[in-house]
Amino acid sequence: LTDEEKKKKEEQELLEKYEGATFGRLFGYASDKKLLFFIGFVVSVGNGLIFPAFSIFISLMLDTLLSFSTNVSQARTDANLYALIFLLLGIGSLILNAIQHTIFTVVGESVTEKVRNETYLKILRMPVAWFDRPKNSSGSLSARLASDCHVINGLITTFLGLMIQIVTTLIAGVVIAFVYEWRTAA
């Protein structure tokens with residue numbers, strides 16, 4: 001086997017060894033932030049419910065606007081109520097987004113710090129011959145230490161909260177579709 005084939009084989013073996021364990025290991029690093037992570041999860045779920053709630057109230061607002069010609073005073077009262085609800089949903093979305101990003105950023109920074117420290121300690125324990133490889137030069141190692149930890153940080157701070165939010169929105173949207181018109185939702 002050539003050097004490149006050996007390298008690809010080693011990388012494939014490493015991928016197979018650690019496949020599926022990524023999130024488990026990341027959550028292990030966040031073990032001291034479980035309460036904060038749970039709060040972030042709940043806030044992300046709440047944030048994901050904003051748009052389905054908005055869809056319900058926009059349909060009610062459309063019904064109100066269509067009934068404007070029959071009962072003006074009741075339609076105006078309902079329209080004012082729904083406008084207030086839209087305002088409250090917007091304020092709620094603003095607050096929940098800020099809390100969600102803040103919490104996941106704190107958890108992500110904690111995990112990133114632990115991963116960076118553990119990786120650095122692992123590098124320090126490597127045998128001297130390991131540093132003689134071109135891919136393990138000091139510049140390469142410091143660049144990988146910075147970039148890999150940055151990817152982990154982005155995974156937790158942005159991706160995780162957003163995925164929880166998106167899945168919640170999807171599930172709530174499907175539930176609303178089935179509740180309001182199950183024949184067309186099926």
Side-chain angles (χ1 to χ4, degrees), residues 3-55 88-127 130-176:
D3 288 337
E4 189 172 314
E5 290 173 344
K6 287 180 185 177
K7 183 180 176 181
K8 286 184 181 179
K9 185 177 178 183
E10 287 175 8
E11 288 177 2
Q12 186 65 29
E13 288 173 357
L14 280 174
L15 285 174
E16 289 173 1
K17 181 179 178 183
Y18 293 111
E19 188 175 4
T22 307
F23 280 109
R25 288 184 71 189
L26 283 179
F27 291 135
Y29 286 115
S31 62
D32 62 335
K33 304 278 187 193
K34 284 182 182 177
L35 177 64
L36 205 57
F37 183 77
F38 178 74
I39 293 170
F41 178 81
V42 170
V43 169
S44 294
V45 168
N47 204 5
L49 293 174
I50 293 285
F51 286 114
F54 182 80
S55 70
L88 293 176
L89 283 174
I91 291 170
S93 178
L94 176 73
I95 292 170
L96 289 176
N97 266 316
I99 293 171
Q100 174 185 337
H101 290 296
T102 302
I103 288 175
F104 281 113
T105 299
V106 168
V107 172
E109 290 298 325
S110 172
V111 169
T112 303
E113 179 183 6
K114 289 178 183 178
V115 168
R116 186 174 281 140
N117 287 337
E118 188 175 305
T119 305
Y120 182 68
L121 290 174
K122 179 73 174 177
I123 289 172
L124 290 178
R125 290 189 206 115
M126 296 306 286
W130 186 76
F131 294 99
D132 291 338
R133 292 180 174 172
K135 72 175 189 174
N136 297 330
S137 67
S138 60
S140 172
L141 291 175
S142 62
R144 275 197 315 197
L145 191 62
S147 66
D148 291 351
C149 291
H150 182 70
V151 169
I152 291 171
N153 189 337
L155 180 68
I156 292 176
T157 58
T158 306
F159 181 75
L160 198 57
L162 195 60
M163 286 309 298
I164 294 168
Q165 182 179 342
I166 289 170
V167 167
T168 303
T169 301
L170 177 70
I171 292 171
V174 169
V175 167
I176 289 170

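Note: hydrogens, waters and symmetry copies are ignored here, and every other heavy atom, side chains too, is used.
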For the student: nearest non-hydrogen atoms of I164 and S44, plus distance: CG2-CB, 3.5 Å

So, taking the atom named CG in L35 and the one named CD1 in I39, what distance separates them when rounded to the nearest 0.5 Å? 4.0 Å

Where do P52 and G173 come nearest, in terms of heavy atoms and distance? CG-N, 4.3 Å

S93 side chain vs L89 backbone, donor-acceptor pair below 3.5 Å: no

With side chain to side chain contact (heavy atoms under 4.5 Å, CB included) as the criterion, how do R144 and N136 come out once you've worked through the C-alpha distance, each side chain's angles and the decisive distance to 0.1 Å? CA-CA 10 Å; R144 275 197 315 197; N136 297 330; 3.5 Å; yes

Which distance, rounded to the nearest 0.5 Å, do you find between the CG of D148 and the OG1 of T112? 11.5 Å

Salt bridge (charged side-chain N to carboxylate O under 4.0 Å, His left out) between K122 and E118, intermediate numbers included: CA-CA 6 Å; K122 179 73 174 177; E118 188 175 305; over 6 Å; no

I'd like to know whether V111 forms a side chain to side chain contact (heavy atoms under 4.5 Å, CB included) with F37, so could you lay out the CA-CA distance, the side-chain angles of the two residues, the decisive distance to 0.1 Å, and finally the verdict. CA-CA 11 Å; V111 169; F37 183 77; over 6 Å; no

Grab the two heavy atoms, one from G108 and one from T157, that are nearest each other, plus how far apart they are. CA-CG2, 3.9 Å

Strictly distance-based, threshold 3.5 Å: is any side-chain N or O of N47 a donor or acceptor partner for the main-chain N or O of V43? no

What I'd like to find out is whether the side chain of D32 reaches to under 4.5 Å of the side chain of K114, using heavy atoms alone. yes

If you count the non-hydrogen atoms of other residues, nucleotides and ligands that lie under 6.0 Å from CZ in F131, is the total more than 12? yes

Side-chain contact, heavy-atom cut-off 4.5 Å: F41 with L160? no

Say you draw a straight line from OG1 of T119 to CZ of R116; how long is it, rounded to the nearest 0.5 Å? 9.0 Å

Between S110 (side chain only) and V106 (backbone N and O only), is there a donor and an acceptor less than 3.5 Å apart? no

Could you state the interatomic distance from OH (Y120) to OG (S142), rounded to the nearest 0.5 Å? 10.5 Å

Could you grab the distance from atom CZ of F54 to atom OG1 of T169, nearest 0.5 Å is fine? 13.0 Å

T168 side chain to L49 main-chain N or O, any donor-acceptor pair under 3.5 Å? no

Output the distance between atom CG (L96) and atom NE2 (H101), rounded to the nearest 0.5 Å. 10.5 Å

